[in-house]
Amino acid sequence: MDPIQQLRDGLRNLLVNSLEKSRAQGRLNFESLPDFVIEVPRDEGHGDFASNVAMLMAKQARMAPRKIAEAIYEQMDKNLMPELERVEIAGAGFINFFLDQSWLYKLPALVIGMGDRYGSSPKHNQKVQVEFVSANPTGNLHMGNARGGAIGDTLANALAFAGYDVEREFYINDAGNQIEVFAQSLEARYLQLMGAKIEFPENGYAGQDVVDTVKNIIRDYKDSLLVMGSEERQQLVVNYALREKIDYIKTTLNNFGINYDVWFSEKTLHASGQVDKVINDLREKGFIYEEDGALWFKSTLFGDEKDEVVIRANGLPTYFATDIAYHRDKFRRGFDRVINVWGADHHGHVARMKGAVTALGYDESRLEILLMQLVRLYRGGILVRMSKRTGTTVSLDELIEEVGKDAARFFFVMRSPDSQMDFDLDLAKEKGQDNPVYYVQYAHARIQSIFRQAAVAGAEIKKVEKVDFSVLGPEELQLLRKIADFPEEITITARTLAPQRIARYVLDLAGLFHSFYNHHRVLNENKALQDARLILMETTRITIKNALGILGVSAPDQM
RNA sequence: GCGCCCGUAGCUCAGUGGAUAGAGCACCGGCCUCCGGAGCCGGGUGCGGAGGUUCGAUUCCUCUCGGGCGUACCA
């Protein structure tokens, strides 16, 4: 399978074997094996792999790390690892392994054999749900939704590649307070446009998009709503608007490369009685008490700062109550991991949500909440306030139109979710070399161009099994080594929920390619070298394309 | 006040407790008779500050300064 993993396992074996022998001979004293790593050193001069086992062992062995490393070295049975060329002890006590480079020669066949699956791990029968964006269906999608979309979808892709069964879910907030206000706003706009002189609700949705929706309603329903009672009228306009908004959201996210498996309606949680049920269940378990006419959840039991209202004095459930029901529903659907991508403005909700999950009897570590810092929008160097209500900011569909899906997605994911992001609209609108996505896409297009040239020249691309890779030089082997890192890069991304790793990885890989390209010709007189380099190019291309695929960015054949 | 996130090069940002902390942009200088110059090569006295834990701290802990967000019977 994964050749890197095989080598790591081999080296781990070698070390453990040597440690045990040293202990048996009384040269080394230790109770248990430390949790050591076998990593690819940053600096090539430190070998292909390195281990920190000697340093971690120092305390319990009561020996200097370098002494321990020497003891391990002396007991090492190199026959266990035929690829091993030499071992060095370096620095504070690192054990550096230098391998015969021929292990890399097996890689191209693996990559080409797996094709668009290269980088993926075998399925391991674990279900994970990623819920992201879940924007209120009362307005346009803003930059925060866009960032959440790029992050969530990239994570979902990475998790799927890492072997999980992944479900993408959008939670539709189609119930609750903001929907009432939405309905009142729509109704007021309708009546106003029909000539009535009435006040617009003070906290209503004042954006132009509401007016546009109402104009559509008037187109379809004319003045027929004037004779209705207010309740019936509000019902009609809000249902109309929700349909329109959800449709808009679906279309826009689709254009952003995002397709959900499940669109989950908040309303159904109320309708099916699940909200009442979950509050009752928590009450029976003793996590709910009554005060000032409201029902409270004892979130302080779980480390929250204060308890939280679940049923208001007016008898209506809060958003939190609905969310508890929602999360029980998620776990009942059998997910091993439940991942929510939330804006940082919801961070106060994390502790109590986890508390509620614990109270319901689930292990809270199965709920992972990825907090994403908010996006600040700049235009002409000036901060643009984002307000859904007034609609004065750039929406996702406008962004896609201006900078394109590829650039936008790459840009959002490049940054770590927990760092605040300044989005400079003027810069993003510049289609050009400032944007790193072009650097990567260009690498892919260039490789395709080489193949077009090869075809013109009538160059034959040999089967990978018949190619001799020993003609490749250090720069090319470095490229292969980077390609070999890809599967692990994905599993780390899936474990640590750090989608920016994929962007960094593919930038690095493209950089190695461009450097290679400028120093060596693929098509040349030396046929054996040409054969090997053509395969190397295809191997590189597949990896770039797969990485871009995870990011939701296209890999163009020409630009 | 309290809580969460962030302070890394002139700017925007990477960096799963490891060795000499990186990239892009900007700035300066090189590279096309040759597969796409949207490229390559070279040029850098930077981890906000102070303690602590550790063989080893940009990374973990405490305090402190600065920025953002939250602190509703809103979502």
Side-chain angles (χ1 to χ4, degrees), chain A residues 37 39 41-43 45-46 50 52 54-59 63-66 68 90-94 96 136 138 173 176-179 181 203 266 291-296 304-306 308-320 322-323 343-351 371-374 376 414-422 424 427 431-439 441-443 445-454 456-457 459 492-493 495-496 498 500-501 503-504 507-508 510-511 513-524 530 533 537 558-559:
Chain A
V37 297
E39 60 179 358
R42 200 193 306 255
D43 185 338
H46 295 136
N52 61 348
M55 278 113 86
L56 295 180
M57 199 114 227
K59 192 150 204 174
M63 275 172 75
R66 282 195 76 110
I68 298 172
F94 286 97
N96 294 340
N136 273 328
T138 53
N173 295 115
N177 240 339
Q178 88 278 7
I179 294 297
V181 176
N203 291 317
E266 176 185 351
E291 193 175 296
D292 299 334
L295 292 185
W296 299 71
D304 200 6
E305 292 173 74
K306 56 181 207 40
E308 186 71 14
V309 170
V310 282
I311 305 289
R312 293 182 283 223
N314 64 11
L316 294 175
T318 60
Y319 167 86
F320 178 47
T322 317
D323 233 18
D345 53 340
H346 287 66
H347 78 253
H349 194 51
V350 174
L371 286 177
M372 163 192 83
Q373 294 298 314
L374 302 182
R376 291 193 303 188
M414 228 171 35
R415 268 77 170 179
S416 157
D418 53 25
S419 100
Q420 225 179 91
M421 181 178 167
D422 290 338
D424 184 335
L427 188 70
K431 287 196 180 188
Q433 51 192 351
D434 282 357
N435 201 325
V437 68
Y438 291 105
Y439 183 78
Q441 290 183 315
Y442 184 54
R446 249 183 168 176
I447 294 174
Q448 290 297 50
S449 174
I450 294 172
F451 286 117
R452 285 191 292 271
Q453 290 299 320
V456 168
I492 294 175
T493 300
R495 190 177 67 241
T496 61
Q500 74 277 13
R501 294 189 69 106
R504 306 303 307 186
L507 275 167
D508 287 350
F513 161 75
H514 284 305
S515 179
F516 158 80
Y517 181 90
N518 273 273
H519 294 127
H520 308 283
R521 282 187 59 84
V522 173
L523 304 174
N524 69 92
Q530 173 174 304
R533 283 180 176 165
M537 288 301 97
Q558 45 195 322
M559 298 169 68

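Lettering follows sequence order; numbering is per chain, from 1. Scope of the values below: all heavy atoms of this structure, side chains included, with no hydrogens, waters or symmetry mates.
- We find that CD of A:Q373 is positioned 13 Å from P of B:C4, with the value rounded to whole Å.
- For A:D422, counting side-chain heavy atoms from C-beta on, the closest listed nucleotide (B:C13, B:C41, B:G39) is B:C13.
- Residue A:Q453 places at least one side-chain N or O closer than 4.0 Å to OP1 or OP2 of B:G36.
- The residue from A:R376, A:R415, A:M372 that alone fulfils the side chain to side chain contact (heavy atoms under 4.5 Å, CB included) condition with A:Q420 is A:R376.
- Candidate nucleotides B:A19, B:G39, B:C35 were compared by shortest atom distance to the side chain of A:R446, and B:G39 ranks first.
- In this structure, A:N52 atom CG and B:A19 atom P are separated by 11 Å, rounded to whole Å.
- Taking atom C1' in both B:G7 and B:U12, one finds a spacing of 14 Å when rounded to whole Å.
- Distances shorter than 4.0 Å separate some side-chain N or O of A:Q500 from OP1 or OP2 on B:G15.
- The shortest distance between the side-chain N/O atoms of A:R501 and the OP1/OP2 oxygens of B:U16 is below 4.0 Å.
- Computed from coordinates, the A:E308 CD to B:C73 C1' distance equals 9 Å when rounded to whole Å.
- Spacing of P atoms, B:U62 relative to B:A26, comes out at 41 Å, to the nearest Å.
- The distance from atom CZ of A:R521 to atom C1' of B:C35 is 5 Å, rounded to the nearest whole Å.
- Rounding to the nearest 0.5 Å places CG of A:D345 at 9.5 Å from CD of A:Q373.
- Comparing B:G68, B:U16, B:G18 by their closest approach to the side chain of A:I492 singles out B:U16.
- The side chain of A:R504 sits closest to B:G22 out of B:C40, B:C34, B:G22.
- Using a 4.0 Å heavy-atom cutoff across all strands shown, A:D323 reaches no nucleic acid atom at all.
- At the heavy-atom level, A:A503 lies nowhere under 4.0 Å from the strands shown.
- Of the C1' atoms belonging to B:A14 and B:A21, the separation is 10 Å, rounded to the nearest Å.
- Across the protein-nucleic acid pair, A:I68 atom CD1 and B:G56 atom P stand 14 Å apart, rounded to whole Å.
- The side chain of A:S416 sits closest to B:G15 out of B:G15, B:A19, B:A38.
- In this structure, A:H46 contributes its side chain and A:R42 its backbone to no donor-acceptor pair below 3.5 Å.
- Rounding to the nearest 0.5 angstrom, the gap separating the CG atom in A:D508 from the CZ atom in A:R501 is 10.5 Å.
- Nucleotide B:U16 has no partner under the Watson-Crick or G-U criteria, as no pair reaches both atom distances under 3.5 Å.
- At a cut-off of 3.5 angstrom, counting only N and O atoms as typed in the model, there is no donor on one side facing an acceptor on the other between the side-chain of A:D345 and the base of B:G70.
- B:G17 sits 34 Å from B:G39 when the P atoms are compared, rounded to a whole Å.
- Base contact: A:R495 has a heavy atom under 4.0 Å from a base atom.
- Not a single donor-acceptor pair, N or O on each side, falls under 3.5 Å between the base of B:A23 and the side chain of A:D508.
- Pairing for B:A9 is absent, with no Watson-Crick or G-U wobble pair whose two atom distances lie under 3.5 Å.
- Across all strands shown, A:A351 has no heavy atoms under 4.0 Å from either base or sugar-phosphate atoms.
- The partner of B:C2 is B:G70, judged by Watson-Crick or G-U wobble contacts that both fall below 3.5 Å.
- One can place CD of A:Q420 at 13 Å from C1' of B:G66, the figure rounded to the nearest angstrom.
- Distances shorter than 4.0 Å separate some side-chain N or O of A:S419 from OP1 or OP2 on B:A14.
- Across all strands, A:A344 comes closer than 4.0 Å only to sugar-phosphate atoms, never to a base (heavy-atom distances).
- Rounding to the nearest 0.5 Å gives a distance of 6.0 Å between NE2 of A:H514 and CZ of A:R446.
- A:Q530 places no side-chain N or O within 3.5 Å of a backbone atom of A:A459 that could act as its donor or acceptor partner.
- Residue A:R415 has no polar side-chain atom (N or O) positioned under 4.0 Å from OP1 or OP2 of B:U12.
- With both pairing distances under 3.5 Å, B:U62 is matched to B:A50 as a Watson-Crick or G-U wobble pair.
- Of the N and O atoms on the side chains of A:N173 and A:Q178, not one donor lies less than 3.5 Å from an acceptor on the other residue.
- Among the atoms of the strands shown, none is found under 4.0 Å from any heavy atom of A:A64.
- Counting any heavy atom pair closer than 4.0 Å across all strands shown, A:Y517 reaches a base atom.
- The phosphate of B:A72 has neither OP1 nor OP2 within less than 4.0 Å of any side-chain N or O from A:T318.
- Evaluation of atom-type donor-acceptor distances gives a pair under 3.5 Å for the side chain of A:H347 against the base of B:G3.
- Contact annotation: the side chain of A:V522 never approaches that of A:F451 to less than 4.5 Å [non-hydrogen atoms, C-beta and beyond].
- The distance between atom NE2 of A:H519 and atom C1' of B:C31, rounded to the nearest whole Å, is 9 Å.
- Taking a pair to require two hydrogen-bonding distances under 3.5 Å in either a Watson-Crick or a G-U wobble arrangement, B:C27 pairs with B:G43.
- In B:C61 the base sits anti relative to the sugar, since the glycosidic angle is further than 90° from 0.
- Taking atom P in both B:U64 and B:G3, the straight-line distance is 10 Å, to the nearest Å.
- Applying the 4.0 Å criterion to OP1 and OP2 of B:C55, one finds that A:R66 has every side-chain N and O outside that range.
- Looking only at distances, no side-chain donor or acceptor of A:N136 sits under 3.5 Å from a matching main-chain atom of A:T138.
- Atom-to-atom, CG of A:D418 to P of B:C13 comes out at 13 Å; the value is rounded to the nearest Å.
- A:L316 comes within 4.0 angstrom of nothing in the nucleic acid, heavy atoms only.
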